[in-house]
Amino acid sequence: MRYDLIIFDNDGVLVDSEPISNRLLAGYLTELGHPTSYEDSLRDYMGGAMHRVHDLVWERTGRRLPEDFDDVFHGRVFAAFERELEPVPGAVGVLEKLAADGVAYCVASSGSHERIRVGHRKAGLDRWFDDGRIFSSQDVGRGKPAPDLFLHAAARMGVAPERCAVVEDSPLGVQAAVAAGMDVYGFTAMTSAGKLAGATRLFGDMGELADLLVR
């Protein structure tokens with residue numbers, strides 16, 4: 001193995017949540033008078049923390065989102081997760097391989113701790129991630145594309161940044177990993193290769209990842 005720690009993004013990398021959450025985010029913003037398409041949501045918000053939604057709406061319109069925006073949105077997302085959420089195909093196999101080989105891994109997500117746990121439970125990934133392997137943008141001052149979250153995860157796991165590989169599917173996440181001085185493997189299942197420029201390697205099938213990490 002070329003790395004001492006594999007850091008996974010969560011949404012779109014471990015759990016197939018991006019289509020669900022971006023569909024709901026676009027719909028809710030539109031309800032509130034901020035017309036947003038699904039494609040708009042993917043472009044502007046995929047991979048970012050919730051404060052990015054608030055910041056961009058304020059920047060573009062001069063209007064604040066409702067105080068209960070996050071609670072209402074997450075309520076809708078969690079209900080949809082219960083109905084629809086599945087693990088990303090191939091993710092379980094990668095985790096099994098890392099565990100069998102004794103390679104450290106963790107998740108570092110822009111989502112809240114609650115969102116990570118709800119998604120993992122529904123997708124059957126909770127057995128792979130104890131408390132010490134879960135890191136959220138809630139744990140740091142700045143979310144992606146700042147490097148803070150990835151650097152925090154590496155420090156807590158006791159691994160130098162240059163010995164880490166990040167698995168990401170969003171431009172914001174790739175930017176954050178590069179800024180952290182880490183190799184980053186860009187997953188192109190939902191994001192075109194051109195939008196993940198800067199990634200160390202690109203791949204389109206999660207089943208390929210374990211072999212790529214040792215080459």
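As the structure is a prediction and not an experimental result, all values here were calculated from the model.
There is a side-chain donor-acceptor pair under 3.5 Å between Asn22 and Ser41. Counted by atom type alone, Thr191 and Asp169 present zero donor-acceptor pairs between their side chains at under 3.5 Å. Judged purely by distance below 3.5 Å, without hydrogens or angles, the side chains of Arg117 and Ser112 never pair a donor atom with an acceptor atom.
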Item checked: side chain to side chain contact (heavy atoms under 4.5 Å, CB included) between His113 and Ile134, worked out -> CA-CA 8 Å; His113 280 280; Ile134 297 177; 3.7 Å; yes
Checklist line | Check against side chain to side chain contact (heavy atoms under 4.5 Å, CB included), Glu162 and Met182 | finding: CA-CA 5 Å; Glu162 62 271 19; Met182 301 176 180; over 6 Å; no
Checklist line | Pair Tyr3-Asp183, side chain to side chain donor-acceptor pair (under 3.5 Å): steps then yes or no | finding: CA-CA 9 Å; Tyr3 306 100; Asp183 282 357; 2.7 Å; yes
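The main-chain N or O of Ser136 is found under 3.5 Å from a side-chain atom of Asp139 such that the two form a donor-acceptor pair. A side-chain donor-acceptor contact under 3.5 Å links Thr200 to the backbone of Val184. A donor-acceptor pair under 3.5 Å links the side-chain atoms of Ser37 to the main chain of Asp40, judged by distance alone. Put simply, the side chain of Thr36 gets close to the backbone of His34: a donor and an acceptor are under 3.5 Å apart. Remark: the backbone N or O of Val103 is not paired with any side-chain donor or acceptor of Asp101 at under 3.5 angstrom.
Side chains of Val166 and Asp9 form no contact here, defined as non-hydrogen atoms less than 4.5 Å apart. Counting only heavy atoms from C-beta outward, the side chains of Tyr45 and Leu29 approach each other to under 4.5 Å. Here the side chains of Phe69 and Met50 are in contact, with some heavy-atom distance below 4.5 Å. Annotation: side chain of Gln175 is not in contact with side chain of Ser170 (no heavy-atom distance under 4.5 Å).
Of all heavy-atom pairs spanning Glu86 and Ala123, the tightest one is C-CB, 4.0 Å. Here the closest heavy-atom approach between residue Cys164 and residue Ala154 is recorded as SG-CB, 3.8 Å. In this structure, Leu202 and Ala193 approach most closely via the heavy-atom pair CD1-CB, 3.5 Å. For the residue pair Ile7 and Ala153, the shortest heavy atom distance occurs at CD1-CB, 4.4 Å. Minimum heavy-atom separation, Leu56 to Asp44: CD1-O, 3.9 Å. When all heavy atoms are compared, the tightest approach of Val13 to Ala91 is O-CB, 4.1 Å.
Relative to the six-membered ring of Trp58, Arg63 misses at least one condition, a distance below 6.0 Å or an angle of at most 45° to the axis. Geometrically, Arg115 does not engage Phe78 in a cation-pi contact defined by less than 6.0 Å to the ring centre and at most 45° from the axis.
For Glu59 and Arg52, the salt-bridge test fails: no basic side-chain N is under 4.0 Å from an acidic carboxylate O. Under the 4.0 Å criterion applied to side-chain N and carboxylate O atoms, Glu168 and Lys144 are assigned as salt-bridge partners. A salt bridge does not link Glu39 with Arg23: none of the charged nitrogens is closer than 4.0 Å to a carboxylate oxygen. Asp148 has a carboxylate O that lies under 4.0 Å from a charged side-chain N of Arg142, or vice versa, which qualifies the two as a salt bridge.
Partners of Glu114 by salt bridge (Lys or Arg N to Asp or Glu O under 4.0 Å), not counting sequence neighbours: none found. For Phe73, the ring-ring contact (aromatic ring centres under 6.0 Å, His included) test picks out no residue, with sequence neighbours left out.
Summarising the geometry, atom CG belonging to Leu85 is positioned 6.0 Å from atom NZ belonging to Lys122; distances are rounded to the nearest 0.5 Å.
Checking each of Phe129, Trp128, Phe81, Phe8 against His120 for a ring-ring contact (aromatic ring centres under 6.0 Å, His included) leaves exactly one that passes, namely Phe129.
Here Phe135 and Phe150 keep their ring centres 6.0 angstrom or further from each other.
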